[in-house]
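Before any comments, here is the structure.
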Amino acid sequence: MGAGRSHDPHAGLVFVRGCGDTLWDTNGKAYLDFICGYSAVNLGHAHPRLLAAAQTQLAQLAFCTGATHPWRSELEKKVAELVDGPSLESNETKSKVWLSSTGARAVEIAWKIAFANRPGKMMRFHLSYHGRSLATAHISDTGSSDALRYDVGVNASMEDQELHCVIPFPMCGSQCGSQCDGKCEDCDASIDVARHWLDCHSEDTSAMILEPAIGARGYYFASGAYFRRLVKLLRSYGVQVISDEIQMGLGRLGSMIASIGDGWKPDFVVLGKSLGGGITPISAVIGDRDRMDKLPQGFESETFAANPLACRVALEAISVLNDENLMASVSRRGNLFRETLRESISAGCRVDGRGFATVIDLSGLSNQGVRSDDASRIAWDWVCHAQGHGLLVHLTGVGRNRIAIIPPLNVGDAALQQAIEILSSFWKVK
Ligand SMILES: Cc1ncc(COP(=O)(O)O)c(C=O)c1O
């Protein structure tokens, strides 16, 4: 395991069991899983209600080709309601849902539907990540320079046509935090690039795809005020908005739909990862019925999309997220976690985040005379120290000098405290 993942401090670990917030390796060693499949396991491993739903459905009907089944229509309604609010039993939901299997496929489908409504180029954020399929790699920062060369090489024909425009993501998060009014220097610079592009290309731009916070490429956060300003600008040019909430939706930032929780409404929302409860791959595109219906009939199909097993597990996952009233607690407990963490670690390390998405940024260590490659080395050592003490956290960021902490949303207080003790003990041994 871990072949080809030399950039990952956890390469080589082999896990054989998971329960709640804990994973066990082949030697029986336990680890707090504060990576959670980058939000795929938001409800922890082997959640009893998800297991029961999966087992029941496996025995009843796991798969049927093409045909519809009751769990599919029920799930479409429940997912639409995440955006629309509860609908009356008899009423058709305002939004329509297209179910798919992986995140990348759902992004492609959203892209196709956006294109069917308004043909043209795509805008995206610098540092955005939307998947590794040939199409989504083209609108993603694919990480290492080798991967970039490969993807750009494969996509050379697309690149030639300048299919998309890249907007800088404001890096003000760690300075302004959630207080940012969306008008600081960084936000202004980002908005200016978008406005400049739109002034020249509004007629041939289809949509902008956004992540409500940058996930895979470093856990960077911008305020709701910035997003509202950007979305208003895009709308004024008639450009559609796709919110890729595959990693940050379904509670990671403290709301079921992150964009709506932040006060802006995209034309399309894309969900994935934890929709399948960490058990089955399933993803969804949600948009207004009129827009969704523009995708020509027969233009999309996938063998495994929306199979009964995946739908049944997704229904239960949504129900658990709602039932356990997690959303209300995620922001409060996430903030408390960050406050305690901040007090426990070296002052040169900045702690930023929202909901249960937290990052430690080591770039500030340079103000204390640490060279930037040394900050990356310290970040690597810190992640390895945590692993040695039974805590899995994720090394990330442009300079590999950030540590993302992604616990399950239903994590217990004792596990959070244990994680803080392990992380702070790194500085005591140094
Ligand atoms: C924001 C975002 N979009 C898309 C994807 C791709 O999802 P998948 O790996 O299921 O194709 C990911 C995966 O990490 C993601 O974080």
Side-chain angles (χ1 to χ4, degrees), residues 4-5 7-8 10 33 35-42 98-112 114 122-144 147 151 164 166-167 169 207-222 227 241-253 255-259 262 266 268-286 300 302-307 310 313-314 317 353-357 359 394-397 402 404-406:
R5 291 185 64 85
H7 62 284
D8 180 357
H10 304 305
D33 182 7
I35 298 180
C36 271
Y38 316 104
S39 279
V41 197
N42 272 356
W98 191 287
L99 295 169
S100 179
S101 53
T102 66
R105 281 295 289 125
V107 167
E108 289 180 351
I109 292 165
W111 187 354
K112 285 186 195 180
M122 185 65 95
M123 297 166 72
R124 70 160 174 99
F125 278 133
H126 171 53
L127 296 179
S128 59
Y129 180 80
H130 304 293
R132 291 266 191 194
S133 65
L134 276 182
T136 55
H138 184 70
I139 50 165
S140 297
D141 269 317
T142 34
S144 72
D151 287 329
H164 72 268
V166 180
I167 307 295
F169 188 83
M208 175 154 184
I209 184 158
L210 313 166
E211 282 178 84
I214 296 293
R217 291 290 160 256
Y219 271 60
Y220 296 93
F221 303 88
F227 278 103
V241 179
I242 303 172
S243 183
D244 176 349
E245 307 201 5
I246 288 166
Q247 184 160 166
M248 294 297 172
L250 295 181
R252 180 55 57 192
L253 295 184
S255 349
M256 288 296 265
I257 303 292
S259 48
D262 249 356
F268 304 99
V269 176
V270 188
L271 298 174
K273 288 195 186 277
S274 72
L275 186 60
I279 296 180
T280 49
I282 181 163
S283 54
V285 181
I286 311 141
E300 258 307 331
E302 256 177 287
T303 304
F304 286 103
N307 65 68
V313 173
R354 293 181 53 197
F356 260 137
V359 71
H394 174 54
L395 182 62
T396 187
R402 292 167 75 83
I405 306 169
I406 319 168

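No hydrogens, no waters, no symmetry mates; every other heavy atom, side chains included, goes into these values. Note that the numbering runs from 1 along the sequence shown for the chain. Note that ligands are numbered from 1 as they come in the structure, with each ligand's atoms numbered from 1 the same way.
Note on E245 versus K273: no salt bridge recorded, every NZ/NE/NH1/NH2 to OD/OE distance being 4.0 Å or above. Using a cut-off of 4.0 Å between Lys/Arg side-chain N and Asp/Glu carboxylate O, D262 and R354 are scored as salt-bridged.
Across L275 and A317, no two heavy atoms sit closer than the pair O-CB, 3.8 Å.
Listed by chain and residue number, the protein contacts of ligand 1 are T102, G103, A104, Y129, H130, G131, E211, D244, I246, Q247, K273 (heavy atom within 4.0 angstrom).
With a 4.5 Å cut-off on side-chain heavy atoms, S243 and V270 do not count as touching.
Both the sub-6.0 Å distance and the 45° axial angle are satisfied by R402 relative to the ring of Y220.
The ring-ring contact (aromatic ring centres under 6.0 Å, His included) search around F268 returns none, not counting sequence neighbours.
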